[in-house]
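Only a predicted model underlies this, so the values are computations on that prediction, with no experimental measurement involved. Residue numbering restarts at 1 for every chain, and letters A, B, ... go by the order of the sequence lines.
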There are 2 protein chains.
Amino acid sequence: MSIKSESYKDKKVISIGTVSEITGLSERQIRYYEERNLIFPYRTKKGTRKYSFSDVERLMEIAEMIEEGVQTFEIRKKILKKEKEAVREKMIRGQLNARFGVLRLP
Amino acid sequence: MSIKSESYKDKKVISIGTVSEITGLSERQIRYYEERNLIFPYRTKKGTRKYSFSDVERLMEIAEMIEEGVQTFEIRKKILKKEKEAVREKMIRGQLNARFGVLRLP
DNA sequence: CGTGTAAGGAATTCTGACACG
DNA sequence: CGTGTAAGGAATTCTGACACG
């Protein structure tokens, strides 16, 4: 349920100009954060970047940390940690579902 | 709740080329349906069209009807009818909420 | 390190129009 | 009626680089 409903949130369809407007970040900043492996837009055949709403949210979190003086390297570590946690969460749910049927965790 | 969660679905951030790819419709078709008042993209200051996922869904419904031979004029009437129903629904909910507090209808 | 900017090219989008049927 | 297309212009996006600090 809460996974299916994220279909819109995770679809990479927003181009960089629009992302720039939404987040208030410059295109330069957005591209730089990609260079630093903080964000991973989809690339169309022609090479233009497409972002999801999730990406937009992540960018805003990144922007906050940057303002606080956190370096991109540190931010990257935090992101990796978060992702590992998410994977672990997913696996636990999968195992529970496999044994006891579908259940809904908050 | 079900209203708040539509925030992503209703944000007009997708440009016409991407909408064309998602729906399989040509840009010409998409612009024509706008001319016929079936769809209402947001316009940026510079004049480029931006669509939401809701718009994309509506376009796919329109495409289906067109294939069935329904004319744009008829489609427009159906859309107007649907919108009126939605408004009525919303008002009823609002009145119920006002009198009995928040409740959740399917 | 993080970000601005000018540079040149490629791809996108827009409008109004002609065409077919 | 619904859609394709060529036309010309304006706006977007991309990359690699120089700059500052």
Side-chain angles (χ1 to χ4, degrees), chain A residues 11-80, chain B residues 11-80:
Chain A
K11 282 217 160 111
K12 293 181 185 267
V13 296
I14 316 176
S15 38
I16 195 166
T18 306
V19 172
S20 171
E21 277 189 17
I22 299 175
T23 62
L25 297 169
S26 68
E27 299 186 7
R28 179 71 167 94
Q29 287 174 307
I30 298 170
R31 292 196 191 101
Y32 180 68
Y33 300 152
E34 176 181 357
E35 192 183 315
R36 303 298 300 163
N37 291 303
L38 304 182
I39 192 91
F40 308 95
Y42 166 73
R43 289 293 186 118
T44 66
K45 302 93 205 181
K46 303 294 183 59
T48 68
R49 280 167 260 247
K50 296 295 177 189
Y51 302 83
S52 66
F53 285 111
S54 295
D55 292 331
V56 168
E57 286 185 6
R58 177 179 286 195
L59 280 169
M60 305 194 80
E61 288 172 14
I62 293 170
E64 262 186 66
M65 291 191 266
I66 290 277
E67 276 175 35
E68 289 167 13
V70 185
Q71 295 200 322
T72 55
F73 177 72
E74 295 298 329
I75 298 177
R76 177 138 147 262
K77 288 201 291 187
K78 289 189 187 186
I79 287 175
L80 285 176
Chain B
K11 282 217 161 112
K12 293 181 185 266
V13 296
I14 316 176
S15 38
I16 196 166
T18 305
V19 172
S20 171
E21 276 189 17
I22 299 175
T23 61
L25 297 169
S26 70
E27 299 185 8
R28 180 71 167 94
Q29 288 174 305
I30 298 169
R31 292 195 191 101
Y32 180 67
Y33 300 152
E34 177 182 357
E35 192 183 315
R36 303 298 300 162
N37 292 302
L38 305 183
I39 192 92
F40 308 95
Y42 166 73
R43 290 294 186 118
T44 66
K45 303 92 203 179
K46 303 295 184 59
T48 67
R49 280 168 261 247
K50 296 295 177 190
Y51 302 84
S52 66
F53 285 112
S54 295
D55 292 331
V56 168
E57 285 185 6
R58 176 180 285 194
L59 280 169
M60 304 194 81
E61 287 172 15
I62 292 170
E64 263 187 65
M65 290 191 266
I66 291 277
E67 276 175 34
E68 289 167 13
V70 185
Q71 295 199 322
T72 55
F73 177 72
E74 295 298 328
I75 299 177
R76 177 136 147 264
K77 288 201 291 187
K78 289 188 189 187
I79 287 175
L80 286 176

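Contact between the side-chain N/O atoms of A:Tyr32 and the OP1/OP2 oxygens of C:dT3 is not found at any separation under 4.0 Å.
When the P atom of D:dG2 is taken as reference, atom CD of B:Gln71 falls 5 Å away, rounded to whole Å. Remark: P of D:dA6 and CD of B:Glu27 are 14 Å apart, rounded to the nearest angstrom. Summarising the geometry, the separation between CD on A:Glu34 and C1' on C:dG2 is reported as 16 Å, rounded to the nearest angstrom. Between the CD1 atom of A:Ile14 and the C1' atom of C:dT12 there is a distance of 18 Å, given to the nearest Å. In this structure, A:Glu35 places its CD atom 14 Å from P of C:dG4, rounding to the nearest Å. Per the geometry, CD belonging to A:Glu21 stands 9 Å off P belonging to D:dT13, to the nearest Å. In this structure, CD1 of B:Ile75 is placed 11 Å from C1' of D:dG2, rounded to the nearest angstrom. Straight-line distance from the CD1 atom of A:Ile16 to the P atom of D:dT13: 7 Å, rounded to whole Å.
Between B:Tyr33 and A:Arg28, the residue whose closest nucleotide on DNA chain D is further toward the 5' end is B:Tyr33. Comparing A:Lys50 and A:Val70 by the nucleotide of DNA chain C whose heavy atom lies nearest to each, the residue mapping closer to the 5' end is A:Val70.
Between B:Lys50 and A:Ser15 the shortest heavy-atom distance is NZ-OG, 4.3 Å.
Looking at heavy atoms from C-beta onward, B:Thr23 lies out of side-chain contact with B:Gln29 at the 4.5 angstrom threshold. Residues A:Glu27 and A:Ile16 have side chains in contact (heavy-atom distance under 4.5 Å, counting atoms from C-beta outward).
Relative to the side chain of B:Arg31, the nucleotides C:dT15, D:dG4, C:dG4 differ in distance, and C:dT15 lies closest. When distances run from any side-chain atom of B:Ser15 to the nucleotides D:dG2, C:dT13, C:dT3, the shortest one goes to C:dT13.
Formation of a donor-acceptor pair under 3.5 Å by the B:Thr18 side chain with backbone atoms of B:Ile14 is not found in this model. Under the 3.5 Å distance criterion, the side-chain polar atoms of A:Arg36 are left unmatched by any main-chain donor or acceptor of A:Ile75.
Within a 6.0 Å radius of CZ in A:Phe73, other residues, nucleotides and ligands contribute 12 heavy atoms or fewer. More than 12 heavy-atom neighbours from other residues, nucleotides or ligands sit within 6.0 angstrom of OH on B:Tyr42.
Shown here, C:dG16 forms no base pair; nothing in the strands shown gives a Watson-Crick or G-U wobble contact with both key distances under 3.5 Å.
Residues from residues 42-49 of chain B with heavy atoms under 4.0 angstrom of DNA chain C, sorted by number: B:Arg43, B:Gly47, B:Thr48, B:Arg49.
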